[in-house]
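To start, the structure under review is shown below, and the notes come after it.
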Amino acid sequence: MNALNKLFDHPRAGILLLRWTLAILMIFHGWAKVTGGVGGIEGMLVGKGLPGFLAYGVYIGELIAPLFLLAGLWVVPAALVIAINMAVAVGLAHSTHFMDITATGGWRLELQAFFFMTALVVALTNRLGPNR
């Protein structure tokens, strides 16, 4: 068991893998906004009495910040932007789903929670990243 533990004792590689995974998965969401627009988000914002132009902030949280994570630039601010992006997404589009369980037994917000918590872990463990 010690040999296995030693083989997988690479916290810097683990953090890098987590950071890149978060970035790549968020970019897929951002690309959907590039190709499909942000009209749905804009409508939700206006429906809550907020200015519609705030919808364009999703490009920062789902494209720009993840690109910074991939490049290893401004990792902590980029990860925090993603965490804020996810908190806003939950508040805006998923606030009524907080206690929902899916037909397969999962929490309806598990993806959003996973993105949020992963972004916080990336921000909190940046010191462990490569080249440190």
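Throughout, numbering of the chain's residues begins at 1 and tracks the sequence. Computed from a prediction, not measured in an experiment: that's the story for all the values here.
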* To do: Step by step, work out the side chain to side chain contact (heavy atoms under 4.5 Å, CB included) result for H97 and D100.
  => CA-CA 5 Å; H97 306 147; D100 291 354; 3.6 Å; yes
Same apolar cluster: [X] and [Y], side chain cutoff 4.5 Å:
X	Y	answer
V38	L92	yes
M117	L16	yes
L124	V75	no
W74	V122	no
L73	L17	no

Heavy-atom side-chain proximity of [X] to [Y] below 4.5 angstrom:
X	Y	answer
L25	T118	no
I82	P66	yes
R19	L22	no

Minimum heavy-atom distance between [X] and [Y], given as atom pair plus value:
X	Y	value
A78	F68	CB-CB, 3.9 Å
A93	M44	CB-SD, 3.6 Å
A23	L70	CB-CG, 3.7 Å
L80	A123	CD2-CB, 4.0 Å
L120	A83	CD2-CB, 4.1 Å

* Asked: Of V34, L69, L63, which meets side-chain contact (heavy atoms from CB on, under 4.5 Å) against I27?
  -> L63
Rounded to the nearest 0.5 Å, how far does [atom2] of [Y] lie from [atom1] of [X]?
X	Y	atom1	atom2	value
L109	M99	CG	CE	10.5 Å
M26	T21	CE	OG1	13.5 Å
E62	F115	CD	CZ	8.5 Å
D9	L4	CG	CG	11.0 Å
Q112	N85	CD	CG	11.0 Å

* If you count the non-hydrogen atoms of other residues, nucleotides and ligands that lie under 6.0 Å from CH2 in W20, is the total more than 12? ->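 12 or below, so no.
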* Counting only heavy atoms not in F114, do more than 12 fall under 6.0 Å of its CZ? -> no
* Asked: For the residue pair F98 and W107, is the inter-centroid distance of their aromatic rings smaller than 6.0 Å?
  ->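 Yes, the ring of F98 comes within the 6.0 Å limit of the ring of W107, centre to centre.
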* Asked: Can any side-chain N or O of Y56 pair as donor or acceptor with the backbone N or O of E42 at less than 3.5 Å?
  -> no
* Asked: Of all residues at least two apart in sequence or in a different chain, which pass the side chain to side chain contact (heavy atoms under 4.5 Å, CB included) check with V121?
  ->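 Expected list: L18, T125.
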* **side chain to side chain contact (heavy atoms under 4.5 Å, CB included) partners of V81, counting only residues at least two apart** =>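 Result, side chain to side chain contact (heavy atoms under 4.5 Å, CB included) vs V81: I60, A65.
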